[in-house]
2 protein chains.
Amino acid sequence: MTRRKKQEGTPVLPGKLHEPGDCRAISEVLSRVGDKWTVLVVSTLGQGPKRFNELRKALGSISQRMLTLTLRALERDGLVTRTVYPTIPPRVEYELTSLGCSLLDPVNSLSTWARKNRPAMEEARRRFDTAEGKSAA
Amino acid sequence: MTRRKKQEGTPVLPGKLHEPGDCRAISEVLSRVGDKWTVLVVSTLGQGPKRFNELRKALGSISQRMLTLTLRALERDGLVTRTVYPTIPPRVEYELTSLGCSLLDPVNSLSTWARKNRPAMEEARRRFDTAEGKSAA
DNA sequence: CTGGATCCCTTAGGATACTG
DNA sequence: CAGTATCCTAAGGGATCCAG
């Protein structure tokens, strides 16, 4: 990256976008959003505020460690709020912020894509694997 | 999970979706799409077919190992095609399939969200971190 | 109930060297 | 040029125990 030889940054595509900063932004957001639990947590919270163990049960297989870490990260990024009721036993509620809600939108679009195209992907995968098996055998 | 006390599975949200299989589909797709390079590669290929080293340069910092792995996965999932021209030196072109192109759409929606809201996220992060610093100090 | 701390294993992923 | 193979480190993430 010390010397670029020919101006690689020049956008080629007419209607589309390809600013240098965009990719950074996207991959940064995606590494948050794309981790193992974030989306599940966010879309679960899309149903309304939930307590820690409610989330845990709703998500099924998440470890409490990962749930804590995920929620902390989401809180840090301003996507959820964490409200502690200093009762005994303690009660903590998590809720999407408006920023968090706004994330539901692109996520749903991806979710729609996923449901629609997963069969195609799985078939492609099967074909690829069997083709591979043929040449390997 | 042995005894549910009160029917947790009942959907609460009216217009939204929460089928059990959906989450699996979404997180499965997201673990493909959300990995470190997939989106970058796909959106780079959105500009048109590219050769291996073209991609490498366009992506800047990817290792050739990761590029190979990413491309293989994308090919397996039917998102890109790999065309080998048996010349010397060899020439291999990668191109999005129509399935791959269709993925650009939700990705762009996420990308738009990312560009629009990254400032808010960063500010939230800053606030969170300084607040943490205060109580830690 | 919420969640921090620790242990430990698995995976992701970069650097490098080698091949057709 | 376009990979494959190997090595190695860091991060992801589960299980478990401890504490307010």
Side-chain angles (χ1 to χ4, degrees), chain A residues 1-2 5 23 27-28 30-41 44-45 49-76 80-95 128 132 135-136, chain B residues 1 3-6 8 27-28 30-41 44-45 49-77 80-95 128 131-132 135-136:
Chain A
M1 277 299 156
T2 320
K5 15 178 24 170
C23 288
S27 45
E28 190 184 316
L30 269 172
S31 47
R32 285 264 140 260
V33 165
D35 77 3
K36 202 175 175 184
W37 298 108
T38 298
V39 168
L40 284 313
V41 171
T44 302
L45 283 178
K50 290 215 182 296
R51 300 179 52 177
F52 189 84
N53 272 1
E54 275 184 300
L55 274 171
R56 195 129 92 105
K57 275 181 275 189
L59 294 171
S61 53
I62 192 173
S63 66
Q64 112 287 40
R65 171 189 149 85
M66 275 304 106
L67 182 52
T68 302
L69 290 180
T70 303
L71 287 169
R72 280 286 182 281
L74 289 173
E75 189 194 357
R76 188 169 106 104
V80 308
T81 57
R82 175 173 180 270
T83 314
V84 184
Y85 299 93
T87 60
I88 295 189
R91 168 197 184 88
V92 182
E93 277 204 348
Y94 295 89
E95 183 172 13
F128 185 90
E132 200 180 35
S135 49
Chain B
M1 278 300 154
R3 48 170 214 176
R4 65 207 145 147
K5 9 176 31 165
K6 216 183 127 190
E8 331 240 22
S27 46
E28 191 184 315
L30 269 173
S31 48
R32 284 266 139 259
V33 164
D35 77 3
K36 202 175 177 183
W37 298 109
T38 298
V39 168
L40 284 314
V41 171
T44 302
L45 284 178
K50 291 215 180 296
R51 301 179 52 176
F52 189 86
N53 273 359
E54 275 183 299
L55 273 172
R56 193 128 93 106
K57 274 181 275 189
L59 295 172
S61 51
I62 193 173
S63 65
Q64 108 289 40
R65 171 190 149 84
M66 275 303 106
L67 182 52
T68 302
L69 290 181
T70 303
L71 288 169
R72 278 288 184 281
L74 289 172
E75 190 194 357
R76 189 170 104 104
D77 289 342
V80 310
T81 57
R82 175 172 180 271
T83 314
V84 183
Y85 299 92
T87 60
I88 296 190
R91 167 197 186 87
V92 181
E93 276 204 347
Y94 293 90
E95 183 172 13
F128 185 89
E132 200 181 34
S135 50

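Predicted model, so just to flag it, every value in this text is computed and none were measured. Letters go in sequence order (proteins before strands), and every chain restarts at 1.
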Between atom [atom1] in [X] and atom [atom2] in [N], what is the gap in whole Å?
X: K57(B); N: dC1(D); atom1: NZ; atom2: P; result: 7 Å
X: L69(B); N: dA2(D); atom1: CG; atom2: P; result: 17 Å
X: E54(A); N: dT2(C); atom1: CD; atom2: C1'; result: 13 Å
X: R32(B); N: dT11(C); atom1: CZ; atom2: P; result: 14 Å
X: M66(A); N: dT6(C); atom1: CE; atom2: C1'; result: 13 Å
X: R91(B); N: dG20(C); atom1: CZ; atom2: C1'; result: 18 Å
X: L67(A); N: dG4(C); atom1: CG; atom2: C1'; result: 14 Å
X: W37(B); N: dG13(C); atom1: CH2; atom2: P; result: 9 Å

**Request:** Confirm from the modelled atom types if Q64(B) and dT4(D) form a donor-acceptor pair under 3.5 Å, side chain to base only.
**Result:** yes
Considering just the side-chain nitrogens and oxygens of [X], establish if one lies under 4.0 Å of OP1 or OP2 belonging to [N].
X: Y94(B); N: dC1(D); answer: no
X: R65(A); N: dG3(C); answer: no
X: K36(B); N: dA11(D); answer: no

Would you mind telling me which of [options] lies closest to the side-chain atoms of [X]?
X: P89(A); options: dG3(D), dC1(C), dT2(C); answer: dC1(C)
X: R82(B); options: dC1(D), dG14(D), dG3(D); answer: dG3(D)
X: F52(B); options: dG3(D), dG4(C), dG13(C); answer: dG3(D)
X: R72(A); options: dG13(D), dA2(D), dG3(C); answer: dG3(C)
X: P90(B); options: dC1(D), dG14(C), dT2(C); answer: dC1(D)

**Prompt:** With a 4.0 Å cut-off on heavy atoms, is Y85(B) in touch with a base, just the backbone sugar-phosphate, or nothing at all?
**Reply:** nothing
**Asked** So what does R56(B) touch, heavy atoms closer than 4.0 Å: a base, only the sugar-phosphate, or nothing?
**Response** nothing
**Item:** Pairwise side-chain contact, R65(A) with T68(A), heavy-atom cut-off 4.5 Å (strictly under)
**Value:** no
**Request:** Evaluate the side-chain proximity of W37(A) to S61(A): yes if any heavy-atom separation is below 4.5 Å, no if none is.
**Result:** yes
At their closest point, which heavy atom of [X] faces which heavy atom of [Y], and how far apart are they?
X: V80(B); Y: L71(B); value: CG2-O, 4.0 Å
X: R51(B); Y: P90(B); value: NH2-O, 3.8 Å
X: R82(B); Y: V92(B); value: CG-CG1, 3.8 Å

**Message:** If you assign each of S61(A) and R51(B) to its closest nucleotide in DNA chain D, which residue comes earlier from the 5' end?
**Reply:** R51(B)
**Item:** Closest-nucleotide ordering on DNA chain C, the 5'-leading residue of T68(A) and I62(B)
**Value:** T68(A)
**Intermediate values then yes/no, side chain to side chain contact (heavy atoms under 4.5 Å, CB included), Q64(A) and F52(A)** = CA-CA 9 Å; Q64(A) 112 287 40; F52(A) 189 84; 4.3 Å; yes
